[in-house]
Amino acid sequence: MYSAAAAAASPPRRDFISVTLSPEEAAVGAGGYNNSKAWRRRSCWRKWKQLSRLQRSVILFLFAFLAVCGVISYTSMGEPWKNITSKSSDDQDSEPEIPGLKLANPAVLPAPQKADANLGDYPELSPQKPPKPPHIRRGPPNLQIKPPRKDVWLKTRHGTSRVVEELVQADKEEKTEKSVISWRGAVIEPDQSTEPPSSQKKESEKPSSVEAEDQKVPVPINDRQMAVIEAFRHAWKGYKEFAWGHDELKPLSKSYSEWFGLGLTLIDALDTMWILGLKEEFEEARKWVANNLVFDKNVDVNLFESTIRILGGLLSTYHLSGDSLFLEKAKDIGNRLMPAFRTPSKIPYSDVNIGRGTAHPPRWTSDSTVAEVTSIQLEFRELSRLTGDPKFQKAVDEVMKHVHTLSGKNDGLVPMFINTNSGQFTHLGVYTLGARADSYYEYLLKQWIQGGKKENELLEDYMRAIEGVKQHLLQRSQPKKLTFVGELAHGHFSAKMDHLVCFLPGTLALGAHNGLTADHMKLAEALIETCYQMYAQVETGLSPEIVHFNLHAQKGHKDVEIKPADRHNLLRPETVESLFYMYRFTGDKKYQDWGWEILQNFNKYTRVPTGGYTSINNVQNPSNPEPRDKMESFFLGETLKYMFLLFSDDIDLINLDKYVFNTEAHPLPIWVPA
């Protein structure tokens with residue numbers, strides 16, 4: 001037994017626990033824990049080995065599954081990412097257009113494609129495809145700076161995905177040339193070749209895409225435009241079957257008539273087919289021009305008509321298509337028309353024999369009409385610009401300068417006739433904006449626009465003439481108080497207005513758009529209402545050639561009166577032309593609606609089932625409009641073209657800041673600074 005003293009003196013008792021360590025743990029204990037990668041790897045491996053075979057298999061399967069999913073995700077996301085990065089790179093690489101003086105736009109007009117159809121209305125036409133891809137520019141918006149190249153086809157204007165050929169690359173050369181030359185008021189870049197196509201630089205074989213700044217989402221063709229395409233195809237069907245290569249179709253007798261024997265309808269319709277996108281029809285017509293259009297023939301042609309229809313049509317088609325064939329033909333006919341200017345006064349004769357190289361006035365007089373000698377300038381000026389030969393522009397400029405100085409005007413209004421020997425106005429005292437004088441006023445404004453708004457004499461004459469119209473020719477009818485343009489004969493006012501005068505609202509609107517006084521637009525709005533009423537107040541909904549307005553209210557009488565000799569309709573374009581300008585500049589849909597009414601009435605009263613449309617003798621008789629068996633070439637060259645443009649909401653479809661139309665609706669380039 002321990003005594004109390006012994007217990008107090010002895011040390012306290014300690015308890016111990018025995019632990020058995022493995023060799024690795026013992027080593028760690030000896031060396032201490034250091035969190036090294038090797039130690040962690042051995043620890044993970046130990047834990048992995050402790051798992052059962054099933055557990056290890058499940059984990060391996062999960063890892064393999066995740067790896068496969070990762071590969072699939074990478075491949076699906078890689079292509080869009082690549083497109084995004086490449087697009088960004090392209091945007092960085094594209095350079096802005098070099099500033100400088102040039103034609104309005106350097107891009108070539110896209111090639112036409114066979115037009116699509118409106119489902120349901122015209123089952124014989126193929127359905128329209130949705131636009132693809134959306135970045136291709138819809139034409140025909142632009143001009144190129146260099147003369148257009150032959151057979152250049154771009155992606156169709158109508159948004160289909162097929163590409164035939166692309167624009168030939170020339171952008172680098174164009175961007176490096178900055179110096180300019182000036183010739184007769186027109187500013188042109190030095191690479192604007194004035195040599196024949198044979199001396200032009202060889203085209204590069206490398207195709208290039210449309211410049212980034214020229215790309216835009218295409219505007220789809222709408223139902224009303226498709227109706228115009230159908231109408232054109234129906235007219236073309238008759239011409240192709242019964243009058244191919246001849247001047248005009250006689251749709252009722254299924255034959256043709258000749259005026260010059262130069263295929264007037266075909267040439268007049270070339271640029272219409274391009275604008276409407278009718279590639280197949282255009283190619284057929286081009287083959288005829290290449291193989292059959294010959295000007296070396298003993299035939300008299302009218303200087304004015306052959307200039308506005310043939311020369312104007314060829315120049316326009318050259319600019320739109322880029323095919324030098326049309327420029328070569330234009331140079332040929334232009335040279336053959338030059339003998340008309342060999343007169344004592346330099347006022348041209350009305351008729352030219354293009355085979356013999358001789359010219360003469362009409363058999364019954366030595367006079368020419370003022371409209372004819374002053375409405376050939378746009379075409380001859382453009383021919384000089386393209387060829388570099390100043391003789392064409394010099395001849396027509398001398399005419400305008402001479403007329404500018406003549407006496408016999410009445411506050412800017414000109415008589416209808418001018419003598420080719422004396423160079424003086426004849427039949428003084430009669431003033432009209434109708435036949436024999438109409439396009440004189442139109443070309444005053446359009447030459448000023450074409451030349452870059454630099455030729456002040458032209459503008460002065462135009463502004464003075466419009467003031468003369470306001471002072472002497474404007475009146476209001478009863479009962480609707482329609483503003484109309486009458487005629488003045490030796491101080492006596494006549495309430496007679498030709499349908500031809502309906503060009504005036506569009507011309508006034510064009511002038512206002514180009515910075516002229518705003519009251520011109522107000523007058524245009526009033527006059528286009530009158531021109532529409534010349535259709536709406538007639539039984540067939542089609543205007544006669546001439547109307548007389550009532551100046552005094554009479555019970556049971558409309559504003560418009562029609563005489564038996566004036567009640568024919570020739571499928572004229574002037575009202576539709578002005579509707580196009582008014583809609584383009586105002587955006588008012590009523591102008592499109594009015595044009596749609598006119599097209600429907602053309603279809604109702606002038607359409608021939610076997611193909612073609614016909615002029616009619618009586619617009620007041622819906623049951624028997626008395627068809628005349630003649631389809632004028634301007635129905636395809638002007639009326640349907642303006643219809644198609646009127647129904648379009650694409651301002652780049654012949655942009656009016658880049659093109660000016662001649663009096664036969666053939667667009668020519670404006671010579672303006674960029």
Side-chain angles (χ1 to χ4, degrees), residues 239 243-249 256-275 282 284-321 323-341 348-359 371-373 375-387 389 392-393 395-396 439 443 573 631-639 641 661-668:
Y239 177 76
W244 184 251
H246 297 284
D247 284 343
E248 292 168 329
L249 168 67
Y256 58 85
S257 62
E258 294 285 33
W259 189 4
F260 306 146
L262 297 174
L264 283 184
T265 293
L266 187 148
I267 297 174
D268 230 357
L270 284 168
D271 56 3
T272 303
M273 288 183 279
W274 186 280
I275 292 169
F282 180 87
E284 290 177 339
R286 184 200 178 279
K287 289 179 182 177
W288 184 88
V289 171
N291 300 325
N292 302 100
L293 180 59
V294 178
F295 297 124
D296 187 14
K297 55 173 57 178
N298 182 17
V299 60
D300 282 356
V301 302
N302 178 270
L303 171 66
F304 167 71
E305 296 290 353
S306 56
T307 297
I308 65 171
R309 301 192 196 205
I310 300 176
L311 178 57
L314 292 170
L315 290 173
S316 171
T317 306
Y318 165 66
H319 277 293
L320 298 181
S321 70
D323 192 335
S324 61
L325 165 70
F326 301 109
L327 179 58
E328 286 296 301
K329 295 293 185 180
K331 288 194 295 184
D332 190 4
I333 186 64
N335 278 306
R336 293 176 183 275
L337 293 175
M338 287 302 292
F341 296 92
Y349 290 127
S350 62
D351 298 293
V352 185
N353 188 300
I354 56 175
R356 295 179 177 177
T358 59
E372 290 188 351
V373 303
S375 303
I376 55 179
Q377 278 68 20
L378 292 179
E379 299 83 358
F380 277 95
R381 283 155 53 109
E382 178 62 14
L383 186 59
S384 273
R385 190 187 67 82
L386 290 174
T387 63
D389 190 340
F392 304 109
Q393 180 163 3
V396 295
S439 50
Y443 268 40
M631 185 177 76
E632 300 279 354
S633 77
F634 54 66
F635 181 65
L636 298 184
E638 296 187 75
T639 307
K641 182 188 297 167
F661 284 95
N662 83 338
T663 196
E664 191 75 7
H666 298 305
L668 299 173

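Computation of the quantities below employed the complete heavy-atom set of this structure, encompassing side-chain atoms and omitting hydrogens, waters and symmetry-equivalent molecules.
Residues passing the side chain to side chain contact (heavy atoms under 4.5 Å, CB included) test with Tyr256, sequence neighbours excluded: Ala243, His246, Glu258. In this structure, Glu638 has no salt bridge (charged side-chain N to carboxylate O under 4.0 Å, His left out) partners at least two apart in sequence or on a different chain. By the ring pair (Phe, Tyr, Trp, His ring centres under 6.0 Å) test, Tyr443 is found to be paired with no residue, residues two or more places apart in sequence or in another chain being considered. Under the rule for a side-chain hydrogen bond (donor to acceptor under 3.5 Å, both in side chains), Asn291 has no partner lying at least two apart in sequence or in another chain. Judged as a ring pair (Phe, Tyr, Trp, His ring centres under 6.0 Å), and not counting sequence neighbours, Phe392 has no contacts. Evaluation of the side-chain hydrogen bond (donor to acceptor under 3.5 Å, both in side chains) rule for Thr663 yields Glu442 as partners, not counting sequence neighbours. Under the side chain to side chain contact (heavy atoms under 4.5 Å, CB included) criterion, Thr265 pairs with Tyr239, Glu248, Ser633, Leu636, sequence neighbours left out. When the side-chain hydrogen bond (donor to acceptor under 3.5 Å, both in side chains) test is applied to Asn302, no partner is found at least two apart in sequence or on another chain. For Glu382, the side-chain hydrogen bond (donor to acceptor under 3.5 Å, both in side chains) test picks out His319, Arg385, Trp671, with sequence neighbours left out.
Looking at Leu270 and Val289, their side chains come closer than 4.5 Å, going by heavy atoms from C-beta outward. For the pair Thr317/Ile267, no side-chain contact is recorded, criterion being any heavy-atom separation below 4.5 Å from C-beta on. You'll find the side chain of Phe260 stays beyond 4.5 Å of the side chain of Ile354, heavy atoms only. Side-chain contact between Val396 and Arg381 is present, with at least one heavy-atom pair separated by less than 4.5 Å. Side-chain contact check for Ile333 versus Lys329: every heavy-atom pair is 4.5 Å or farther apart. Taking 4.5 Å as the limit, every side-chain heavy atom of Tyr349 sits out of range of all side-chain heavy atoms of Leu303. Using a 4.5 Å heavy-atom threshold, the side chains of His666 and Leu315 count as separate.
Checked against Leu378 for a side chain to side chain contact (heavy atoms under 4.5 Å, CB included), the options Thr307, Ile308, Asn662, Leu311 give a single hit: Asn662.
Of all the heavy atoms in Phe304 and Ser375, the pair that sits closest is CE1-CB, 3.5 Å. In plain terms, the two heavy atoms of Ala359 and Pro339 that are nearest each other are CB-O, 3.6 Å. Contact between Phe282 and Ser321 at its shortest, heavy atoms only, is CZ-CB, 4.0 Å. Among all heavy-atom pairs drawn from Asp268 and Thr272, the shortest one is O-OG1, 4.1 Å. Between Ala290 and Leu325, the closest heavy-atom pair is CB-CD2, 3.8 Å. Closest non-hydrogen pair, Asp247 versus Gly261, comes out as OD2-N, 2.7 Å.
Expressed to the nearest 0.5 Å, how far OG of Ser316 lies from CZ of Phe661 amounts to 8.0 Å. Remark: Asp332 CG to Leu327 CG distance equals 11.0 Å, nearest 0.5 Å. Taking CG of Asn353 as the reference point, atom CG of Leu337 lies at 11.0 Å (rounded to 0.5 Å). The CG atom of Leu266 sits 11.0 Å away from atom CD1 of Ile310, with the distance rounded to the nearest 0.5 Å.
Among residues at least two apart or in separate chains, salt bridge (Lys or Arg N to Asp or Glu O under 4.0 Å) pairs with a member in residues 295-308 are Asp296-Arg336, Glu305-Arg309.
Electrostatic pairing of Glu328 and Lys331 counts as a salt bridge here, judged by a charged N lying under 4.0 Å from a carboxylate O.
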